[in-house]
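Here is the structure we will look at, set down as structure tokens.
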Amino acid sequence: MITSTSNPQVKNLLQLQKKSKVRNEEQVFIVEGLRMFMEVPQDQVKKVYVSESLYNKKKEELHLERFPVEVLADKVFQHVSDTKTPQGILCVVKQRKYEIEDLISKENPHFIVLDNLQDPGNLGTIVRTAEGAGVTAVFMSSDCVDIYNPKTIRSTMGALYRMPFVYVEDLRETIHTLKEKNIKSYAAHLDGKNTYDKEDYRQGTAFLIGNEGNGLREEIAQCADTWIRIPMCGQVESLNAAVAATVLMFEVSRQRRG
């Protein structure tokens, strides 16, 4: 059992919690909590860390023999946890890589394309909702918030394990590649020609969603085949990025259900 916060493993866990550079160098990320542990794909788990009290209470119930496990004294677990009320379990998980070529070749794909999204909770909510709406994959500009940010991971509620995603260096090039595959791109934009529910999304579809404060960059919006808008009542001009993405994703889901 690890009883000191000076232990090298503890120091490494703190680095993985706080620094995307370290996560990417080691090709891992950290998930916390019982639900995230129960849903993690077994082949992606590198190591599991459990607090002493949880280990003593639930070691059989959690079937910890499946994984390499390290027990931490409760005060040490509290030290490495990213949450105010730790549940006593966290995992170091291998990152999964997806290839854009494999994703765009799927039949009638449905993509969400994110431009410079910055809020971890927004990204996590979009990933979670994307799974629920049957989205094929999420594409992100390289300056989007890190999907392995602990707040993003918590917001995905496990969808991160199942929803394919790719960071791309050149979003314009990616949208052009989608066009070559007959996947129509729609920019969510205040100056949209049609309201979102007047378009046909039953064939390959990609929605472009912009930054929370500034919307889509002009050069990205100009790449879209069509600009669409979500009609508003009252004095509200626009919706939160995750809410707007949700409205659009579930319209595709509704249309494709027939």
Inset, instruction - Test Asn12 against Glu26 for side chain to side chain donor-acceptor pair (under 3.5 Å), laying out the working first. - result: CA-CA 10 Å; Asn12 181 242; Glu26 297 189 24; 2.9 Å; yes

Legend entry - Verdict with supporting geometry, Phe139 and Phe165, ring pair (Phe, Tyr, Trp, His ring centres under 6.0 Å): CA-CA 6 Å; Phe139 298 145; Phe165 62 88; over 10 Å; no

Inset, instruction - Let me see the working for Asn116 and Ser141 under side chain to side chain donor-acceptor pair (under 3.5 Å), right down to the final yes or no. - result: CA-CA 6 Å; Asn116 191 33; Ser141 62; 5.4 Å; no

Inset, instruction - Under the side-chain contact (heavy atoms from CB on, under 4.5 Å) rule, what do Val138 and Phe111 come out as? Steps first, then yes or no, please. - result: CA-CA 6 Å; Val138 177; Phe111 298 122; over 6 Å; no

Inset, instruction - Begin from the C-alpha positions of Asn122 and Glu212 and carry the test side chain to side chain donor-acceptor pair (under 3.5 Å) through to its verdict. - result: CA-CA 9 Å; Asn122 269 344; Glu212 293 87 350; 3.2 Å; yes

Legend entry - Criterion side-chain contact (heavy atoms from CB on, under 4.5 Å) on Gln255 and Asp200, from CA distance to verdict: CA-CA 8 Å; Gln255 289 189 16; Asp200 185 345; 3.7 Å; yes

Legend entry - Stepwise side-chain contact (heavy atoms from CB on, under 4.5 Å) test for Phe29 and Leu160: CA-CA 11 Å; Phe29 61 101; Leu160 176 68; 3.7 Å; yes

Legend entry - side-chain contact (heavy atoms from CB on, under 4.5 Å) assessment of Val31 paired with Val92: CA-CA 7 Å; Val31 300; Val92 178; over 6 Å; no

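Contact detail for Asp82 and Pro150: the closest heavy-atom pair is OD2-CB, 3.2 Å. In terms of heavy-atom proximity, Lys94 sits nearest to Asp43 at NZ-O, 3.7 Å. Across every non-hydrogen atom of Lys184 and Glu199, the tightest pair is NZ-OE1, 4.4 Å. Ser4 and Val10 make their closest contact through O-CG2, 3.8 Å (heavy atoms, listed as atom of the first residue, atom of the second, distance). Considering every non-hydrogen atom in both Arg96 and Tyr161, the closest pair reads NH1-O, 3.3 Å. Contact detail for Leu208 and Ala224: the closest heavy-atom pair is CD1-CB, 3.7 Å.
Remark: side-chain polar atoms of Glu131 are not paired, donor with acceptor, to backbone N or O of Met163 under 3.5 angstrom. A distance-only check finds no donor-acceptor pair linking the side chain of Ser185 to the backbone of Ile175 [under 3.5 Å]. Of the possible polar contacts, one joining the Thr136 side chain to the His110 backbone as a donor-acceptor pair under 3.5 Å is found. For the pair Arg256 (side chain) and Asn108 (backbone), a donor-acceptor distance under 3.5 Å is present. Checked by atom type and distance alone, the side chain of Ser105 pairs as donor or acceptor with a backbone atom of Asp102 at under 3.5 Å. Between the side chain of Arg66 and the main chain of His63, a donor-acceptor pair closer than 3.5 Å is present. At distances below 3.5 Å, at least one donor-acceptor pair connects side-chain atoms of Lys179 with backbone N or O atoms of Cys223. Counting only distance, with no hydrogens or angles, the side chain of Thr152 and the backbone of Tyr148 share no donor-acceptor pair below 3.5 Å.
Distance check, rounded to the nearest 0.5 Å: CD1 of Ile220 to CG of Leu114 gives 12.0 Å. The line from OH of Tyr201 to OG of Ser253 is 13.5 Å long, rounded to the nearest 0.5 Å. Residue Ser51 holds its OG atom at 9.5 Å from CG of Leu90, rounded to the nearest 0.5 Å. Distance check, rounded to the nearest 0.5 Å: CD1 of Ile183 to CD of Gln203 gives 11.0 Å. Atom CZ in Phe77 sits 9.0 Å away from atom CD in Gln87 (nearest 0.5 Å). Taking NZ of Lys193 as the start and NZ of Lys198 as the end, the distance is 13.0 Å to the nearest 0.5 Å.
Cluster membership for Ile30 and Met157, using ILVMFWY side-chain heavy atoms within less than 4.5 angstrom, is not shared. Note: the hydrophobic cluster containing Leu72 does not contain Leu54 (ILVMFWY, side chain heavy atoms under 4.5 Å, direct or indirect links). Put simply, Met38 and Val69 are part of the same group of oily side chains (I, L, V, M, F, W, Y) that touch within less than 4.5 Å, one to the next. Val243 is connected to Val236 through a chain of hydrophobic side-chain contacts under 4.5 Å among Ile, Leu, Val, Met, Phe, Trp and Tyr, so both are in one cluster. Linking ILVMFWY residues whenever their side-chain heavy atoms come closer than 4.5 Å, directly or via other members, leaves Leu13 and Val40 in distinct clusters.
Looking at heavy atoms from C-beta onward, Pro86 lies in side-chain contact with Gln78 at the 4.5 angstrom threshold. Residues Met249 and Ile112 meet the side-chain proximity criterion, which asks for heavy atoms closer than 4.5 Å. Under the 4.5 Å side-chain criterion, counting only non-hydrogen atoms from C-beta, Thr83 is in contact with Arg154. Here the side chains of Tyr98 and Leu103 are in contact, with some heavy-atom distance below 4.5 Å. Put simply, the side chain of Met140 does not reach to within 4.5 Å of the side chain of Leu117, judged on heavy atoms. A heavy-atom distance below 4.5 Å is found between the side chains of Ile2 and Gln9. Taking the side chain as every heavy atom from C-beta outward, Phe67 and Lys47 never approach each other to under 4.5 Å. The closest side-chain heavy-atom distance from Val93 to Met36 is not below 4.5 Å.
Taking the six-membered ring where tryptophan is involved, the planes of Trp227 and His189 are essentially parallel, since the angle between them stays under 30° and well short of 60°. Using cut-offs of 30° and 60° for the angle between ring planes, the Tyr186 and Phe207 rings count as tilted.
Ion pair Lys59/Glu65 not flagged as a salt bridge, since none of the NZ, NE, NH1 or NH2 atoms sits closer than 4.0 Å to an Asp/Glu carboxylate oxygen. The residues Lys151 and Asp119 are annotated as not salt-bridged, no charged nitrogen and carboxylate oxygen being separated by less than 4.0 angstrom.
Residues passing the ring pair (Phe, Tyr, Trp, His ring centres under 6.0 Å) test with Tyr49, sequence neighbours excluded: none.
With a 6.0 Å radius and a threshold of 12 heavy atoms from other residues, nucleotides or ligands, Arg162 has its CZ atom above the threshold.
Applying the side-chain contact (heavy atoms from CB on, under 4.5 Å) test between Leu123 and each of Asp146, Thr156, Ile147, Ile153 identifies Ile147 as the sole match.
Here side chain to side chain donor-acceptor pair (under 3.5 Å) pairs that include residues 163-178, with residues two or more places apart or in two chains, are His176-Glu180.
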Table please: side-chain donor-acceptor pairs of residues 14-21 below 3.5 Å, with sequence neighbours left out.
from, atom 1, to, atom 2, distance (Å)
Gln17, NE2, Glu32, OE2, 3.3
Gln17, NE2, Val80, O, 3.1

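No side-chain donor-acceptor contact under 3.5 Å links Asn211 and Asp115. Between Gln95 and Asn24, the side chains place a donor N or O and an acceptor N or O closer than 3.5 Å (distance only, hydrogens not considered).
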